[in-house]
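One structure is given here, and the rest of the page talks about it.
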Amino acid sequence: FVLERGGETYEYQPWYTGTIPWDDARMADLLSQKAAGLAPRFAGGDSADSVTQYFTMPLKLADADGNAKSWTSLSWTSSDPAAVRVTGGSWGDSAYTGAVVRTSLDQKVTLTAEIGFSGYGMPEVTATKAFDVVVKSDPEQVAEATAALAVLGYSPAEIAVALKGLDLEGLSLEEIVRQALRKMIK
């Protein structure tokens, strides 16, 4: 029998392996359509506009029932790895993780998924989908540090500059004040 597409013709012969090229434009369109339902999965109480905890991102595209499509591949990047670090994606992982670091200010981060095909002979096209998230500041730690620095005689403006961008995750009040003082002395 004969296969034809786009002006190319292959005649099947048992001893000959023919390859019909993929229609890359249609495959990229398919990826974009399938990625429509793709989104990070946030922890309870969080949303894209208010992220305070680690969250997950899928490793593969899924169908309407949530079944992963083995023919897909996904990779994720963060526009600000200091605010959201993407981890995971290896063989034993069930999802990527968005490791959140809260600071003294809200941080807008763009997560980008690159979607492709996985497997031998699959087309080498990709599609991308971006998601904006806001990592919320940690107001309790900021209030405690502000009060401690005010007792030491620093003005609200000096305190704001010292705390701006300071990584508060897992730090004691003493360590936050110590790092803020180092910034003020510089």
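- Here Ser47 contributes atom OG and Phe42 contributes atom CZ; the two are 7.0 Å apart, rounded to the nearest 0.5 Å.
- How far CG of Leu30 is from CD1 of Ile115: 11.0 Å, rounded to the nearest 0.5 Å.
- Under the 3.5 Å distance criterion, the side-chain polar atoms of Asp46 are matched with a main-chain donor or acceptor of Thr52.
- Of the possible donor and acceptor atoms, one in the side chain of Lys129 sits under 3.5 Å from a partner among the backbone N and O of Ala36.
- Asp106 places no side-chain N or O within donor-acceptor distance of the main-chain N or O of Lys136, the cut-off being under 3.5 Å.
- One N or O on the side chain of Ser32 and one on the backbone of Ala28 form a donor-acceptor pair closer than 3.5 Å.
- By the 6.0 Å contact criterion, NZ on Lys34 is open, its count of non-hydrogen atoms from other residues, nucleotides or ligands being 12 or less.
- Under the 3.5 Å distance criterion, the side-chain polar atoms of Gln141 are left unmatched by any main-chain donor or acceptor of Ser104.
- For the atom pair CE (Met27) and CD (Glu124), the distance works out to 14.0 Å, reported to the nearest 0.5 Å.
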- Report the C-alpha separation of Leu166 and Ile176 in whole Å, then their side-chain angles, then the decisive distance to 0.1 Å, and conclude whether the side-chain contact (heavy atoms from CB on, under 4.5 Å) test is met. CA-CA 8 Å; Leu166 197 59; Ile176 293 169; 4.0 Å; yes

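- The backbone N or O of Thr56 lies less than 3.5 Å from no partner atom in the side chain of Arg41, so there is not a single donor-acceptor pair.
- Between Leu38 atom CG and Leu61 atom CG the span is 6.0 Å, to the nearest 0.5 Å.
- Salt bridge present: Glu175 and Arg178 bring a charged side-chain N and a carboxylate O closer than 4.0 Å.
- Between atom CH2 of residue Trp76 and atom CG of residue Leu111 there is a gap of 6.5 Å, rounded to the nearest 0.5 Å.
- At distances below 3.5 Å, at least one donor-acceptor pair connects side-chain atoms of Trp22 with backbone N or O atoms of Gly121.
- Under a 3.5 Å cut-off, the side chain of Trp71 and the backbone N or O of Gly116 do not form any donor-acceptor pair.
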